[in-house]
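Notes follow the structure.
Below, all heavy atoms of this structure are taken into account, side chains as well, without hydrogens, waters or symmetry copies.
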Amino acid sequence: MAEIPKAYEPQEIEERWAKAWFDEKLFRAENSADGPPFSIALPPPNITGSIHIGHMLEHTQIDMLVRWRRMSGYRTLWLPGMDHAGIGTQFVVERELAKEGIRRQDLGREEFERRIWQWKEKSGGAIKQQMIRLGASCDWTREKFTLEPALYRAVIEEFLRLYHDGLIYRARYIVNWCPRCQTAVSDLEVVHVERPGHLWHLRYPLVDGSKGSVVVATTRPETMLGDTAVAVHPDDERYKKLVGRNVLLPLMDREIPVIADTYVDREFGTGVVKITPAHDPNDFEVGKRHNLPQIDVMTNDGRMSAAAGKYAGLDRFEARKRVVEDLKALGLLEKIEDITHSVGVCDRCKSEIEPRISTQWFCKMRPLAEPAKKAVIDGLVEVVPDNQRTILLNWLDNIRDWCISRQLWWGHRIPVWHCDNCREMLPATDSSVELFEGHARAAGVPKRCPKCGGTALTQETDVLDTWFSSCLWPYSTLGWPDDTPDLRTFYPTSLLISGYDILFFWDARMIMTGMYLSGVRDGAPPKTDRADTIPFRRLYLHSLVRTSEGAKMSKTKGTGVDPLQLTQENGTDALRYMLASMAAPGTDIVLSEDRILGARAFANKIWNAARFLFLNLQKLEAHGLTIEHLASPAHRAAAPYRSGDDFALPDRWIFARAADVAERMNDALDNFRFHEAAQTIYQFFWGDFCDWYIEWVKPQITSAPTETTIATWRNIFAVLDVSLRLLHPVMPFLTEELWHRLPHERPYRSIALCEFPRVPAISDQHGVPELVELLQQIIVSARN
RNA sequence: GGGCGAUUAGCUCAGUGGUUAGAGCGCUCGCCUCACACGCGAGAGGUCGAAGGUUCAAGUCCUUCAUCGCCCACCA
């Protein structure tokens, strides 16, 4: 095999195998062994661009486990797909359109949706190609997309069940409003950043003709235009006499009452709080208790509304400046304090979030959270690392209702119709969908209003939060709500691997909706085994790849690393190995150039060890010895071989080591210790097999054949074979290439369908490792 | 304001109470030895963040503190 290059050149090999695996549908679940099912749903990447290094870390870990299970005899399904990612995708497509000077409003809803579908084809296609190229052993015949008809139907089914059970309601409430995205977002989509700001102290005069006044403090002075009261603590002696009287709201010249409410902290500031029910969650509650008017002084795009009087039309930050200036001119600006405070910004576009009253759809979470909490406490879903379990339980304990409506154009449209005549709300009659311009929409359209008989019905324009559909993923992808063979075979999935950053967004909601939709109700016994209602039996939260400053990798910040470029330079297997070797549970990863180079050297080492064997074997062909004589599948399976009456010490040792390594790798992989699995096989292959075993047997395999030589040759090929199979989950391409250079019984397909090594080949190992270690020490001193 | 994690060799990191704390990279010395210089052989390098405590035994368990990072939280 003189054609074996001296240095491992991964590009051509990887591309060839990636294509072959895909074309042959090698990882279709039906191709797996007939053993117990093992299933994983891919956390669907957002179709907002392409794969980044964080995806690659996640996919490497999933793929290692999936390949390992598949090789260990499980009927294995790794189901891939993509998420439509409502707000995220709409954001990037709007940004693309902006380059052409187009706003989505210019296009209208339908045309804009068409543009996004085009984008989806492009981005989704790119992600799929990248995953294939990076060796993800998914069953692409089962690929899914959250907006495709079957999954659209699942979402409507979910909505209707929750709606009819009274868990989904529509209400006017304070929500997090993003003026850039012009939609409400959930609490989880607001990120808090510490920023320098000001606390403005404003003086509101009493209207009783006295010169008296109260001073309130605010970080958002422009909201004072919507104040409808000031509040003091009922037991605050300083202000008791003011309660029930009025102050004059400056700039608006509106009389507003002084009210008493225990919400006020007497110790903070002056002990007087301005109350703006339409722009602050606490004030909203206070306002409800005291029947205060709610004055929304802003518009959807973050400008001041008509209710803001002469400030109407101004941008909210411009209005802030003007309000402060005007108050100062009136002598009502008591003081300005410099503070740093936490500002909520939109997770997606980083604009400042405006707490604002708005009519939205909500999902009651307490009834969903309680059974989930109990299940986690009872250990029905194993959470790894364990400390994440506490974090999850804490969150479930403090859960609040979920704002599920979004004022977007991209997503599952809420399946409710409004009667144009009487405003009655009519949910879809069933969860069926129909195709419109090639894409799904709700088909269970109500025909007439049962209340007024009107037939002019208009569907709700809001769409659902992306996570409302994502949380069905492990079962909607298997055919739910239908009872399909896939659902019966592969559900609940065996494992969920996700980043801990989406524990609340996704993982927790999957547990909650999974249990609920399976019929688990708080206080009522479930129809099936409770564990079978949880979408996954184990939950592994993997680390995040961070920059050296600790920030998350981010494309928008330019700190994202393109894994394709790194794989071009170093090879996919090397990058996979590097990521695996750093993936210790519970600790985030900072990429290191050195570690990548080390992994690349390892790939090259494996290549050259094999090359050495094949080159020397060639020399033996003159003696009539072929690889079939030495390394046929039967020969490899029958190893180890005796040299004469007994096993040679090196043989005995290397097989013992191999068995030990196999055992440790099985254990490591079963416990998500990817780094240990990677380092164990590294140490074995390089430190034991190359540095010692090959060196020891070199004299025999480089000289003319004898019986001992042949036994040695057979053993060495058997060890190579075992090594390749042990390595395969982490370095699939290289091992596939080398494995195909060994002889096989036809038909043969892939090392990926071979058995993962498990059992020791030589049982009698008393004292061998110790003896060899002693020998190695003697040899080392001799070298000195 | 709560919670979590990190702190170990020059660097990046492993270390599941038990002999002299490990790896890779880097460094020093010697090698292009007919698989590999992405390599081979031999080395140097650590009071395991600080202080207490538990234990026959602590990098590992407990307490306090420091520094860094992350998450959660409606105090204007």
(request) With heavy atoms under 4.0 Å as the rule, sort A:R389 into base, sugar-phosphate or nothing. (result) nothing
(request) Looking only at non-hydrogen atoms, find the nearest pair between A:T709 and A:Q700 and report the distance. (result) CG2-O, 3.0 Å
(request) For nucleotides B:rA9 and B:rC13, find the distance between their P atoms and express it as a whole number of Å. (result) 12 Å
(message) Taking the P atom in each of B:rG10 and B:rG2, what is the distance between them to the nearest angstrom?
(response) 37 Å
What protein N or O atoms touch nucleotides 26-34 of chain B N or O atoms at under 3.5 angstrom, if any, and at what distances?
none

(message) Is there a side-chain contact between A:R400 and the phosphate of B:rC74, meaning an N or O under 4.0 Å from OP1 or OP2?
(response) yes
(message) Applying a 4.0 Å non-hydrogen cut-off, can you work out what A:R595 is touching in the nucleic acid: base, sugar-phosphate, or nothing?
(response) base
(request) Please tell me which of the listed nucleotides, B:rA76, B:rC38, B:rC70, lies nearest to the side chain of A:V264? (result) B:rA76
(request) Any strand is fair game: report the nucleotide pairing with B:rC68 by Watson-Crick or G-U wobble, both distances under 3.5 Å, or none. (result) B:rG5
(message) From CG of A:D501 over to P of B:rC4, roughly how many Å is that when rounded to an integer?
(response) 20 Å
(message) Given B:rU12, B:rG41, B:rU16, identify the nucleotide with an atom nearest to the side chain of A:D691.
(response) B:rG41
(request) Give none if B:rG18 has no partner; otherwise give the nucleotide forming a Watson-Crick or G-U wobble pair with it, both distances under 3.5 Å. (result) B:rC56
(request) Among the candidates B:rA14, B:rA35, B:rC75, find the nucleotide nearest to the side-chain atoms of A:A584. (result) B:rA14
(request) Please state whether the phosphate of B:rG39, meaning OP1 or OP2, lies under 4.0 angstrom from any side-chain nitrogen or oxygen of A:K6. (result) no
(request) Check whether any side-chain nitrogen or oxygen of A:H675 sits under 4.0 Å from OP1 or OP2 of B:rG15, and answer yes or no. (result) yes
(message) Whole angstroms only, please: what is the CD1-P distance between A:I589 and B:rG24?
(response) 19 Å
(message) Please tell me if A:W692 has a side-chain N or O lying less than 4.0 Å from either OP1 or OP2 of B:rG41.
(response) no
(request) Select one nucleotide: of B:rA76, B:rG39, B:rA35, the one nearest the side-chain heavy atoms of A:L615. (result) B:rA35
(request) Quick one: look up who B:rC29 pairs with, Watson-Crick or G-U, both distances under 3.5 Å, and put none if it's unpaired. (result) B:rG41
(request) Classify the nucleic acid contact of A:N282 as base, sugar-phosphate or nothing, counting any heavy atom under 4.0 Å across all strands shown. (result) base
(request) Measure from CG on A:N176 to P on B:rC72 and round the result to the nearest Å. (result) 13 Å
(request) Hey, which sits more toward the 5' end of RNA chain B by its nearest nucleotide, A:F602 or A:H341? (result) A:F602
(message) Could you tell me the Watson-Crick or G-U partner of B:rA23, where both distances fall under 3.5 Å? Say none if there is no partner.
(response) B:rU12
(request) Could you pick out which residue, A:N394 or A:S342, lies toward the 5' side of RNA chain B when each is mapped onto its nearest nucleotide? (result) A:N394
(request) Can you tell me the distance, in whole Å, between the CD1 atom of A:I339 and the C1' atom of B:rC75? (result) 12 Å
(message) Using a strict heavy-atom distance below 4.0 Å, which residues from residues 267-278 of chain A are in contact with RNA chain B?
(response) A:F268, A:V273
(request) Would you classify A:T587 as touching base, sugar-phosphate or nothing, given that sugar-phosphate means primed atoms plus P, OP1 and OP2, and contacts are heavy atoms under 4.0 Å? (result) sugar-phosphate
(request) Using atom OH of A:Y577 as one end and atom P of B:rC25 as the other, report the distance to the nearest whole Å. (result) 11 Å
(message) From the set B:rC72, B:rA35, B:rC70, return the single nucleotide nearest to any side-chain atom of A:R546.
(response) B:rC70
(message) Need one value for A:W200: base, sugar-phosphate or nothing, where a base atom within 4.0 Å counts as base even if backbone is also close, heavy atoms only.
(response) nothing
(request) Check whether NZ of the Lys or CZ of the Arg A:K698 lies under 6.0 Å from the centre of the six-membered ring of A:F612 and within 45 degrees of that ring's axis. (result) yes
(request) Kindly indicate whether the side chain of A:K605 and the base of B:rC38 share any N or O donor-acceptor pair separated by less than 3.5 Å? (result) no
(message) Using Watson-Crick or G-U wobble geometry with both distances under 3.5 Å, which nucleotide pairs with B:rC48?
(response) none
(request) Select one nucleotide: of B:rU16, B:rA35, B:rC38, the one nearest the side-chain heavy atoms of A:E676. (result) B:rU16
(request) Using the ring of A:W402 (Phe, Tyr or Trp, six-membered ring only), decide whether A:R509 places NZ or CZ under 6.0 Å from its centre and within 45 degrees of its axis. (result) yes
